[in-house]
2 protein chains.
Amino acid sequence: MNSAADQAIETIQREMTSFARRARALAGRLHPELSLVSYTLLGHLEESGGCRATDLADHYALDKSTVSRQVAVLEREGLVERRQDTADQRVQVLQLTDAGRRILGRVTDRRRAAVGERLSGWSEEDLARFASYLRRYNAGGPGDVPAAPDA
Amino acid sequence: MNSAADQAIETIQREMTSFARRARALAGRLHPELSLVSYTLLGHLEESGGCRATDLADHYALDKSTVSRQVAVLEREGLVERRQDTADQRVQVLQLTDAGRRILGRVTDRRRAAVGERLSGWSEEDLARFASYLRRYNAGGPGDVPAAPDA
DNA sequence: ACGTTCTGGTTGCAGAATACAACCACGAGC
DNA sequence: GCTCGTGGTTGTATTCTGCAACCAGAACGT
């Protein structure tokens, strides 16, 4: 099958890859104080309103050991805190601290500004459509839970 | 300023970030024989039809030392070859070998299949539009970072 | 109750990717 | 011919990562 759809898929996979490739460097330049990993972990904590380390690992396809270490760093920096779950003593519920929320907010602002600048010439309609495509792409996918469109 | 456009930009930056975060793991699962880095470097060589290491570094916002080492690996594996530029003895033009082209093709196929599966429910029109948005976004200034207004 | 298995998490270890700085070689301009 | 800029490599240190081994608490079966 070599249709127009195929062409589009080829382009999508190439452009998404290209973007991903640059993302780390972008994060490094835009907010050296919060690595791309840390940023996304904090972001997920905010979105989810607190979750377990395992959830983070699943969500980002990381090994639980990696998450464990990353979280340890974030905790040492006072950006997240862990609370033992009362029901299950194994579980540590992770949550943003106020400091974490503050830093996350600052970094998000800066990122949004950067992205916004890049999107400055776009019409509101295009922006909305692009956003919805991205959300749909990330949400969808086999092997991935259809993810409640809550947040 | 909290317009619809702002909302869209917020979403775009979040979703792009989320995607980038997973990309490495995806590559690891999908084609362990070719890391995300190697894949993108080979991809750029194919697209460009051969270029210098410096071009790769610029394009992906990598340090030239990083590229140098990555290319060394790819050369050792016989996937790229370097030719001294006749005009400028400093320059090494990098090009895919047949083996490199073969592997790149295989991996691209696999990636396209994965992406395609994720996009299976999409209309042809949506695919085309999504692709064009991504291309437009990535093309937005090879100067790369939209120059953080903060720093 | 007790042992087995499962789940959430940490730690030891090793490998890969990366940046920065120092360096070498060549080319260009004065 | 010097000096400076450019393309590339190498030394060094850091960070991210996965895998495997491990520990502790829960769940389940007998």
Side-chain angles (χ1 to χ4, degrees), chain A residues 17 20-42 48 50-77 80-95, chain B residues 20-42 45 48 50-77 80-95 144-145:
Chain A
T17 304
R21 199 57 208 72
R22 289 182 247 232
R24 192 194 196 195
L26 172 72
R29 269 170 287 149
L30 209 53
H31 45 86
E33 76 276 21
L34 209 59
S35 77
L36 183 61
V37 200
S38 300
Y39 173 70
T40 50
L41 293 185
L42 292 185
S48 67
C51 68
R52 305 170 306 165
T54 299
D55 299 331
L56 292 176
D58 288 349
H59 192 72
Y60 292 111
L62 289 170
D63 193 81
K64 57 183 181 165
S65 66
T66 301
V67 173
S68 174
R69 283 180 250 263
Q70 294 291 342
V71 167
V73 171
L74 293 175
E75 188 191 23
R76 204 176 319 127
E77 292 170 345
V80 309
E81 60 187 4
R82 356 159 79 115
R83 288 182 306 101
Q84 292 292 325
D85 187 299
T86 49
D88 186 337
Q89 287 301 104
R90 293 170 302 178
V91 170
Q92 301 177 350
V93 178
L94 304 172
Q95 272 180 323
Chain B
R21 198 58 209 72
R22 289 183 248 233
R24 193 194 196 193
L26 173 70
R29 267 173 289 144
L30 211 53
H31 46 87
E33 76 277 23
L34 208 58
S35 77
L36 183 60
V37 200
S38 299
Y39 174 69
T40 52
L41 293 186
L42 292 184
L45 284 182
S48 67
C51 67
R52 304 171 305 166
T54 299
D55 300 330
L56 292 176
D58 288 348
H59 193 72
Y60 291 112
L62 289 170
D63 192 81
K64 56 183 181 165
S65 66
T66 302
V67 173
S68 174
R69 281 181 248 263
Q70 293 292 341
V71 167
V73 172
L74 293 176
E75 189 192 22
R76 202 175 321 126
E77 290 170 346
V80 309
E81 60 188 3
R82 356 158 80 116
R83 288 183 305 101
Q84 291 293 324
D85 187 299
T86 50
D88 186 337
Q89 286 301 104
R90 291 170 304 179
V91 171
Q92 300 178 352
V93 178
L94 304 171
Q95 272 181 323
D144 235 0
V145 192

### Message
Holding to side chain to side chain contact (heavy atoms under 4.5 Å, CB included), I want the full list of residues that pass it with A:S65, two or more places apart in sequence or in another chain.
### Response
A:D63, A:R69
### Query
Does A:E77 have any side chain to side chain contact (heavy atoms under 4.5 Å, CB included) partners at least two apart in sequence or in another chain, and if so, which?
A:V73, A:L74, A:L79
Polar pairs (N or O, both sides) under 3.5 Å between protein and nucleotides 2-5 of chain D?
| residue | atom | partner | partner atom | Å |
| --- | --- | --- | --- | --- |
| D:dG5 | N2 | B:R90 | NH1 | 2.7 |

### Message
What's A:A57 touching, base or sugar-phosphate or nothing? Going by heavy atoms closer than 4.0 Å.
### Response
nothing
### Task
Could you check if a side-chain atom of B:E75 sits within less than 4.5 angstrom of a side-chain atom of B:L94, using non-hydrogen atoms only?
no
### Query
Would a 4.5 Å heavy-atom cut-off, applied to side chains only, mark B:R21 and A:V37 as touching?
yes
### Task
Could you run through nucleotides 10-16 of chain D and give me one letter per nucleotide, 5' to 3': B if any protein heavy atom sits under 4.0 Å from the base, S if only the sugar-phosphate is that close, - if neither?
BBB---S
d([atom1], [X]; [atom2], [N]) in whole Å:
X: A:L74; N: C:dG9; atom1: CG; atom2: P; result: 15 Å
X: B:D58; N: D:dG8; atom1: CG; atom2: C1'; result: 13 Å
X: A:L36; N: C:dT18; atom1: CG; atom2: P; result: 13 Å
X: A:H59; N: C:dG8; atom1: NE2; atom2: P; result: 17 Å
X: A:R52; N: C:dG9; atom1: CZ; atom2: C1'; result: 11 Å
X: B:L56; N: D:dT6; atom1: CG; atom2: C1'; result: 16 Å
X: A:Q92; N: D:dC23; atom1: CD; atom2: P; result: 18 Å

Between [X] (side chain only) and [Y] (backbone N and O only), is there a donor and an acceptor less than 3.5 Å apart?
X: A:R22; Y: B:H59; answer: yes
X: B:Y39; Y: A:T17; answer: no
X: A:D58; Y: A:D55; answer: no

### Message
If I take atom CD from residue B:Q70 and atom CG from residue B:L41, how far apart are they, to the nearest 0.5 angstrom?
### Response
6.0 Å
#### Entry: Pairwise distance CG(A:L36) to CZ(B:R24) - rounded to 0.5 angstrom
11.5 Å
### Query
In residues 81-89 of chain A, what residues come within less than 4.0 Å of DNA chain D, judged by heavy atoms?
A:A87, A:D88, A:Q89
### Query
So, for B:G50 and B:V93, which heavy atoms are closest and what is the spacing to 0.1 Å?
C-CG1, 4.4 Å
### Task
Output all residues satisfying side chain to side chain donor-acceptor pair (under 3.5 Å) with A:Q92, sequence neighbours left out; order by chain, then residue number.
A:R82
